[in-house]
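To start, the structure itself, in structure tokens.
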Amino acid sequence: MPTTTHCDILIVGGGLVGCATAWHLSRLGFKVLLAERGHLNSGASGQNAGSLHFQIERRFLEQGEKAAADGARIVSLNRLAIEEWKGIEEMLGRPLDVAMHGGLMVAETEAEMDLLAFKVARENELGLPTRVLNGTQLHHKAPALSPNLAGAAWLEDEGHANPRILVDAFADGARGQGAVVQTGTALAGLSMQRDRTYRATLQGLDGEVTANTPRVLLAAGHWVPRLAGLLGLNVPLYPAPLMMSVTDRTEPVLPYLIQHVGRRLSMKQTEDGNLLIGGGWPSRLAKRADGTPDLDRPAIVELANLRANLEVAARVMPGLAERSLLRTWTGTTCISADQLPIVGEVAAAPGLFVAAGGSLFTLGPVLARLLARTIAEGATPEELTMFTPRRFAHLDAFAVLP
Ligand SMILES: Cc1cc2nc3c(=O)[nH]c(=O)nc-3n(C[C@H](O)[C@H](O)[C@H](O)COP(=O)(O)OP(=O)(O)OC[C@H]3O[C@@H](n4cnc5c(N)ncnc54)[C@H](O)[C@@H]3O)c2cc1C
């Protein structure tokens with residue numbers, strides 16, 4: 001690359017959000033430059049569970065009624081995401097191991113069944129056709145699960161896809177449409193010029209490049225707050241270090257995505273037959289010598305949480321106790337101050353967009369489509385308004401920009 005370059009938009013981060021947005025914008029004719037400091041898919045997008053979960057997540061339900069009501073607002077986006085995933089293999093022109101055979105959020109106790117009933121009623125009001133199954137119906141549908149389960153909420157469109165291949169599909173497509181995708185290239189400096197365009201310093205293996213651009217999208221996952229900090233801006237996203245485990249292969253026993261309404265659990269069987277186990281159990285952030293969290297090193301497996309995760313999984317699916325654990329790994333995602341994704345233009349910095357936070361494997365493709373529309377049309381589509389960074393504009397009340 002020359003030492004100075006110009007683009008219509010600089011996208012920072014080569015995960016799902018960055019690459020999918022690059023795909024949409026390059027298709028719309030934008031001159032896109034995407035900078036990824038490592039290799040594509042090296043962040044949460046390549047480390048996640050691959051669950052396509054459209055029921056209200058347990059993390060909203062466990063924080064009381066207000067959080068549950070707030071969380072329910074995401075259902076309208078989940079419904080769009082279902083349609084997005086149904087068409088994604090055709091859109092990108094290659095298989096992505098998308099399996100949408102249905103999902104069960106199980107309950108073990110009567111209290112958990114009550115919570116499921118509350119959740120399902122709210123979802124049905126919002127047009128999501130979940131329904132409650134009693135223990136007998138559940139056992140009939142999923143005989144591999146424990147007969148002791150009290151029941152489950154069933155949604156026929158849930159499932160999973162392969163996080164190891166999706167990002168490349170978007171990136172290859174974006175390149176084919178003219179986007180420049182630079183790996184090994186980190187955003188190291190960012191300033192707003194007097195004419196309100198941006199000057200970015202990109203550090204790569206071959207030295208430094210200055211990119212001048214009217215628009216920047218920070219799609220750098222849990223590193224977004226650090227990068228927004230280059231402009232003195234505040235994006236309230238917090239790192240969430242998690243763990244995943246995978247067993248050896250077995251014959252097909254689990255066609256569905258399994259979640260638990262009362263405990264942290266996600267479980268599924270891949271195309272190859274391995275069982276993937278996760279559900280939001282925390283790992284531990286590495287620390288620097290001064291004791292502060294080190295976001296640039298992998299998080300550390302927390303053994304007590306690994307044991308607890310596997311215990312819940314084996315209680316829900318007893319046959320799991322017969323399987324060998326092949327690997328456990330960590331990955332770090334981020335949640336926002338109100339648990340909803342933060343997606344859109346930053347009020348204090350016209351032309352600066354952010355997109356991060358929440359379950360962005362499930363929601364990344366549809367959010368990227370809506371964000372690209374926002375950027376191209378200069379107006380936020382109705383479906384994105386609740387995710388706007390403007391809800392946190394007060395945090396930038398003291399920012400100084402040209
Ligand atoms: C263990 C785990 C399980 C999960 N399970 C699920 C699930 O089942 N379903 C679901 O919907 N979601 C799940 N998630 C969440 C989901 O993975 C993330 O929300 C999503 O992948 C975020 O994608 P992203 O593109 O925003 O960020 P990332 O994939 O993290 O990408 C950010 C990229 O930015 C790059 N970057 C950082 N700083 C710079 C810089 N200065 N310059 C250039 N590049 C930079 C990084 O190298 C990285 O590649 C899970 C997350 C984890 C960790």
Side-chain angles (χ1 to χ4, degrees), residues 10-22 33-54 57 59 74 78 81 85 103 158-163 166-167 170-171 181-190 200-204 216-230 237 239-246 257 259 264-268 276-283 295-296 298-299 301 309 328-336 341-343 354-368 371:
L10 169 67
I11 298 181
V12 185
L16 177 54
V17 173
C19 292
T21 312
L33 170 59
L34 184 147
E36 161 55 50
R37 69 174 190 174
H39 57 83
L40 295 178
N41 214 24
S42 54
S45 301
Q47 296 154 342
N48 68 58
S51 305
L52 305 179
H53 46 68
F54 306 111
E57 289 177 62
R59 68 190 166 101
I74 210 166
N78 291 356
W85 277 101
E158 286 191 315
H160 49 91
N162 189 339
L166 178 62
V167 166
F170 273 116
V181 177
Q182 287 283 133
T183 55
T185 303
L187 177 73
L190 185 62
T201 306
L202 301 175
Q203 267 171 3
V216 176
L217 166 62
L218 302 180
H222 69 280
W223 291 276
V224 164
R226 178 195 289 180
L227 301 184
L230 295 172
L237 290 164
L242 304 177
M243 287 185 303
M244 286 298 308
S245 297
V246 62
L257 170 68
Q259 299 181 86
R264 293 181 186 193
L265 178 67
S266 77
M267 219 171 12
K268 64 189 69 73
L276 274 177
I277 304 162
W281 286 89
S283 53
L295 299 183
D296 297 325
V301 170
N309 192 180
T328 295
W329 68 95
T330 62
T332 301
T333 183
C334 55
I335 53 161
S336 72
I342 304 181
V343 182
V354 297
S359 296
L360 296 198
F361 185 71
T362 301
L363 298 175
V366 72
L367 282 175
L371 179 61

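No hydrogens, no waters, no symmetry mates; every other heavy atom, side chains included, goes into these values. Whatever order the structure lists ligands and atoms in, that order sets their numbers, starting from 1.
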*Where's the contact between Arg226 and ligand 1, heavy-atom distance under 4.0 Å: side chain, backbone, both or neither?*
neither
*Measure Thr185 to ligand 1 on non-hydrogen atoms and call it side chain, backbone, both or neither using the 4.0 Å cut-off.*
backbone
*asked:* Quick check on Ala356 - does any of its heavy atoms sit under 4.0 Å from an atom of ligand 1?
replied: no
*Applying a 4.0 Å heavy-atom criterion (strictly less than), which segment of Ala220 is in contact with ligand 1: side chain, backbone, both, or neither?*
both
*Measuring from the heavy atoms of Gly358, does anything fall under 4.0 Å of ligand 1?*
yes
*Under 3.5 Å: N/O of Val12 near N/O of ligand 1*: no
_Ser51 versus ligand 1: do any nitrogen or oxygen atoms come within less than 3.5 Å of each other?_
yes
_Pairs of nitrogen or oxygen atoms closer than 3.5 Å, one from Met243 and one from ligand 1: do any exist?_
no
*asked:* What I want to know is whether Leu363 and ligand 1 share at least one N or O pair that is separated by under 3.5 angstrom.
replied: no
*Nitrogen or oxygen of Ala49 less than 3.5 angstrom from that of ligand 1*: yes
*For ligand 1, is any non-hydrogen atom under 4.0 Å from Phe361's backbone (N, CA, C, O), its side chain (CB onward), both, or neither?*
both
*Do you know which two heavy atoms are closest between Ser45 and Leu16, and how far apart they sit?*
OG-N, 2.9 Å
_Considering all heavy atoms, the nearest Leu218-Ala228 contact_ = CD1-N, 3.7 Å
*Should Asn48 be counted as touching ligand 1, given the test is an N or O pair under 3.5 Å?*
yes
*With only distance considered, is Leu242 within less than 3.5 Å of ligand 1 through an N or O on each side?*
no
*Closest non-hydrogen atom pair between Gly280 and Arg264, with its separation*: O-NH1, 3.0 Å
*asked:* With nothing but distance in play, are any N or O atoms of Gln47 less than 3.5 Å from an N or O of ligand 1?
replied: no
*atom 48 (C) of ligand 1: which protein heavy atom is closest, and how many Å away?*
Glu36 OE1, 3.4 Å
*Quick one: look at Ala240 and ligand 1, take heavy-atom pairs under 4.0 Å, and tell me if it's side chain, backbone, both or neither.*
neither
*Before signing off on this row, confirm whether Thr332 and ligand 1 have an N or O atom pair separated by under 3.5 Å.*
no
*Has ligand 1 got any nitrogen or oxygen that is less than 3.5 angstrom from a nitrogen or oxygen of Leu227?*
no
